[in-house]
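Order of the sequence lines fixes the chain letters, A, B, ..., with proteins taken first and strands second; residue numbering starts at 1 for each chain.
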There are 2 protein chains.
Amino acid sequence: MDIESERPGLRERKKQETRIALSWAAIRLAVERGLDNVRVEDIAAEAGVSPRTFNNYFSSKGEAIVARHFDRARQIAEELRARPASEPLWEALANAVTARFALGQDTGGESTPDRQWVDGVRLMINDPALTGAFAAAAAAAEAELAAAVADRTGTDAALDLYPRLVAGAVGVAIRVVMERWLNAEPPIPIARLLHDALGQLSAGLPVPPKGPSHP
Amino acid sequence: MDIESERPGLRERKKQETRIALSWAAIRLAVERGLDNVRVEDIAAEAGVSPRTFNNYFSSKGEAIVARHFDRARQIAEELRARPASEPLWEALANAVTARFALGQDTGGESTPDRQWVDGVRLMINDPALTGAFAAAAAAAEAELAAAVADRTGTDAALDLYPRLVAGAVGVAIRVVMERWLNAEPPIPIARLLHDALGQLSAGLPVPPKGPSHP
DNA sequence: AGCATTTCTTGCGCGATCCGCAAAGATTCT
DNA sequence: AGAATCTTTGCGGATCGCGCAAGAAATGCT
């Protein structure tokens, strides 16, 4: 699972295109038919490449499906580094996370009717066959976030627990928020949920007062 | 992955025995040879059952290997419920976690002292093929912990972010601590690491002061 | 104890996955 | 243009995960 933005020759561009085409095809088919009724063959056909080529890009169906979410999660670290150093860590984190998750919520570029996307993600989270790939992606993204946090705070990702705890906590927040957001009826703005979750984390997760926090 | 302690007939006992035998065999072989050099066939042979039976207990090698760790992680929720309600949440959590992780650290019962063992375990858990299984197990354990936290704090695991954030944060702490503990040279007492990690979490993960926290 | 029922084990076999290898095709470099 | 480099693709092999059905073991009922 590498995404290296080298200088954009025809070659690199095509690679990214097929990568995205494959991932997108995998998601679309999984949403339509259910994950178990999609073979690698179908995904490859949908993307216009051979089945063998699919495995040159992804080592499993799960990886392909999770790829886009992963690509986005990964950018959080980038976004954090782009934040002014004067910003307090947790404020910068909240801004970085919100920037990536609060707007182009679903497609990440194209606009597809939201309903389908919501169903797809819910499927993704609930299917045991995908939790693995999903978690692997999250772990990779967290590693980068941890490095960024280490740089910003002057800690060492190899020796200190701190940066990894922060990255892990942010990952947990995103995971919990996504799940809650997908099941919320009526819908709750995701920005609100994110702000709430990160606020609780940076406050040390104190036991909340009695009243229901879900108006 | 179900562990239901039903009434202990001969049948149930044997089932648990083969389950543990299979999981243990999987771990031992994976530590010795490396995960890729262990086939399901070998594990089954080691445990004295047919390869087909292996799949009646675990749907993958990874699941078998993670099973014991999972069983233990799962008991944290139990342990938490057993703590007096007067104890503050984070104190109770620290005690519950420590109770399960600070003693029979790796083996889970027997005492296998070796250095080679730790090396093997390190290699094993760093294997990408296992991250999935680990995550799945962690998710299951966290769900139970979230329920226990919800009960204790009067929150709702379905509606409030809080209990899930707490459970997730504890899961992250355990994960980070385990990784750090395995790579620590010289060794650091795991209880110290756990206390440190949970302390930072319940303090809101403030940016630590300059000095190195690793003496 | 005797017999029916439920549960677990096992062998067989199919569909699918993942990956190494080497030939063919496409892109880039000089 | 020609060489070098990378990508795609088909083929084949090693597993793997699991459904199915027969046999064995344990349990429940009388």
Can you tell me how the ring of B:Phe134 sits relative to the ring of B:His69, calling it parallel under 30°, perpendicular over 60° and tilted otherwise? perpendicular
Atom CG of A:Asp42 to atom C1' of C:dG15: distance rounded to whole Å? 13 Å
Take the protein atom CZ of A:Arg19 and the nucleotide atom P of D:dT7, then report the distance between them rounded to whole Å. 13 Å
Taking CG from B:Asn55 and P from D:dG17, how many angstroms apart are they, rounded to a whole number? 6 Å
Let's see if you can work this out: which of D:dC16, D:dT9, D:dT8 has an atom nearest to the side-chain heavy atoms of A:Tyr57? D:dT8
When the distance from CZ of A:Arg13 to P of C:dA26 is rounded to whole Å, what number comes out? 17 Å
Toward the 5' end of DNA chain C, by each residue's nearest nucleotide, A:Ser59 or A:Asn56: A:Ser59
Any carboxylate oxygen within less than 4.0 angstrom of a Lys/Arg side-chain nitrogen, looking at B:Lys61 and B:Asp42? no
Classify the side chain of B:Arg52 versus the base of D:dG17 as yes if they form a donor-acceptor pair under 3.5 Å and no if they do not. no
Distance-only, no hydrogens or angles: does the B:Tyr57 side chain make a donor-acceptor pair with backbone N or O of B:Thr18 under 3.5 Å? no
Using atom CG of A:Leu22 as one end and atom P of D:dT9 as the other, report the distance to the nearest whole Å. 10 Å
Calculate the interatomic distance between A:Asp36 atom CG and C:dG15 atom P; express it in whole Å. 16 Å
Rounding to an integer number of Å, can you tell me how far B:Asn37 CG sits from D:dA14 P? 15 Å
Nearest to the side chain of B:Val40, heavy atoms from C-beta on, is which of D:dG17, D:dT9, C:dC18? D:dG17
Atom NZ of B:Lys15 to atom P of D:dA24: distance rounded to whole Å? 21 Å
Is it the case that B:Gln75 and B:Asp71 place a side-chain donor and acceptor less than 3.5 Å from each other? no
